[in-house]
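Predicted, not measured: the structure shown is a model, and the values here were computed from it. Scope of the values below: all heavy atoms of this structure, side chains included, with no hydrogens, waters or symmetry mates.
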Amino acid sequence: DLIVHVRDITHPETILQKATVLSVLKNLNLPSHLLDSMVEVHNKVDLIERYKATEENALAISALHGHGLEELKEEIEKKILTATGKKILTVNVNLEGPQLSWLYKEATVQEVEVVPEDGTARVKVIIGNSAFGRYKNLFPN
């Protein structure tokens with residue numbers, strides 16, 4: 001669903017390495033949308049004094065120090081959701097009904113926060129559009 005190209009931006013041949021990787025990917029006859037949505041990551045920016053991105057849309061990270069990893073995670077999540085036609089939603093469910101069980105079968109449940117006072121839960125899910133449509137039809141409230 002997604003290509004993430006991580007480069008050692010300190011390597012003296014980093015530009016040539018990028019060109020080689022792109023050439024190999026193009027020769028694999030991958031769908032063009034995969035190449036167009038590729039995430040470009042510049043690693044080891046901590047080793048470059050006053051690093052400044054030389055390429056548009058490149059994400060700067062330092063895997064060693066954790067710099068930029070949250071932004072990378074968010075970008076990957078956004079692109080994967082777009083590529084797969086899914087979204088992240090939080091829905092309120094009645095714990096006495098079948099909604100939670102249905103969500104576990106038809107979606108990816110990420111988090112369940114039970115509200116014991118009223119017998120409900122806030123459920124964070126990753127769900128496709130068609131599954132969410134079925135959910136709304138089965139559980140209109």
Novice: Consider only side-chain heavy atoms of I, L, V, M, F, W and Y, link residues closer than 4.5 Å, and tell whether Ile126 and Val91 are in one cluster.
Specialist: no
Novice: Sub-3.5 Å donor-acceptor pair from the side chain of Asn43 to the main-chain atoms of Ala63, do we have one?
Specialist: yes
Novice: To the closest 0.5 Å, what do you measure between OG1 (Thr108) and CG (Leu103)?
Specialist: 10.5 Å
Novice: Hey, does Tyr51 have a side-chain heavy atom less than 4.5 Å from the side chain of Asp46?
Specialist: no
Novice: Once rounded to the nearest 0.5 Å, what's the spacing between atom CD1 of Ile48 and atom CZ of Arg50?
Specialist: 12.5 Å
Novice: Answer yes or no: is there a side-chain heavy-atom contact under 4.5 Å between His42 and Thr14?
Specialist: no
Novice: Would you call Leu2 and Val39 a side-chain contact if the rule is heavy atoms closer than 4.5 Å?
Specialist: yes
Novice: Under the ring-ring contact (aromatic ring centres under 6.0 Å, His included) definition, can you give me all pairs with a residue in residues 106-136, not counting sequence neighbours?
Specialist: Trp102-Tyr135, Tyr135-Phe139
Novice: Only one of Leu59, Val41, Leu72 clears side-chain contact (heavy atoms from CB on, under 4.5 Å) with Val6; which?
Specialist: Val41
Novice: Say whether, by atom type as modelled, one donor and one acceptor occur between the side chain of Ser23 and the main chain of Ala19 under 3.5 angstrom.
Specialist: no
Novice: To the nearest 0.5 Å, what is the distance between OG1 (Thr82) and NE2 (His33)?
Specialist: 11.5 Å
Novice: Report the distance from atom CG of Asp1 to atom CD1 of Ile80, rounding to the nearest 0.5 Å.
Specialist: 5.0 Å
Novice: Report the C-alpha distance between Val4 and Ile76 in whole Å, list the side-chain angles of each, state the deciding distance to 0.1 Å, and finish with yes or no for side chain to side chain contact (heavy atoms under 4.5 Å, CB included).
Specialist: CA-CA 8 Å; Val4 179; Ile76 290 172; 4.0 Å; yes
Novice: Going by an N to O cut-off under 4.0 Å, is there a salt bridge joining Glu74 and Lys78?
Specialist: no
Novice: Pair Val21, His5 - check side chain to side chain contact (heavy atoms under 4.5 Å, CB included), show working.
Specialist: CA-CA 8 Å; Val21 167; His5 182 204; 3.7 Å; yes
Novice: Which atom pair, heavy atoms only, marks the closest approach of Asn94 to Gln99?
Specialist: O-OE1, 3.4 Å
Novice: For residues Val45 and Ser62, report the shortest heavy-atom separation together with the two atoms involved.
Specialist: CG2-N, 4.2 Å
Novice: Salt bridge between Glu113 and Lys124, side-chain N to carboxylate O under 4.0 Å?
Specialist: no
Novice: Is it true that Leu25 and Leu34 fall in one hydrophobic cluster, defined by side-chain heavy atoms closer than 4.5 Å?
Specialist: yes
Novice: Under a 3.5 Å threshold, yes or no: a donor from one side chain and an acceptor from the other, between Thr90 and Arg122?
Specialist: no
Novice: For a 4.5 angstrom cut-off between non-hydrogen side-chain atoms, does Glu56 reach Glu40?
Specialist: no
Novice: Let me see the working for Ile15 and Arg7 under side chain to side chain contact (heavy atoms under 4.5 Å, CB included), right down to the final yes or no.
Specialist: CA-CA 9 Å; Ile15 302 295; Arg7 292 171 48 202; 3.8 Å; yes
Novice: When you look at Leu95 and Thr120, which way does the side chain to side chain contact (heavy atoms under 4.5 Å, CB included) test go after all the steps?
Specialist: CA-CA 5 Å; Leu95 291 174; Thr120 65; 5.6 Å; no
Novice: Is there a donor-acceptor contact under 3.5 Å from the side chain of His11 to the main chain of Glu13?
Specialist: yes
Novice: Roughly how far, to the nearest 0.5 Å, is CD1 of Ile127 from CG of Leu81?
Specialist: 12.5 Å
Novice: Identify whether Val114 and Val123 are in the same connected component of the hydrophobic contact network (ILVMFWY, side-chain heavy atoms under 4.5 Å).
Specialist: yes
Novice: Is there a path of hydrophobic side-chain contacts, each under 4.5 Å between heavy atoms of I, L, V, M, F, W or Y residues, that connects Leu28 with Ile3?
Specialist: yes
Novice: Is there a continuous path of hydrophobic side-chain contacts, each under 4.5 Å between heavy atoms, that joins Leu89 to Leu138?
Specialist: yes
Novice: Counting N and O atoms only, with roles assigned by atom type, does the side chain of Lys79 sit under 3.5 Å from a partner on the main chain of Ser37, one being a donor and the other an acceptor?
Specialist: yes
Novice: As an exercise, state the distance from CD1 of Ile61 to CD of Glu71, rounded to the nearest 0.5 Å.
Specialist: 10.5 Å
Novice: Quick check: do Lys136 and Pro140 have side-chain heavy atoms less than 4.5 Å from each other?
Specialist: no
Novice: If I compare all heavy atoms of Ala131 with all of Glu106, which pair ends up nearest, and what's the gap?
Specialist: CB-O, 4.1 Å
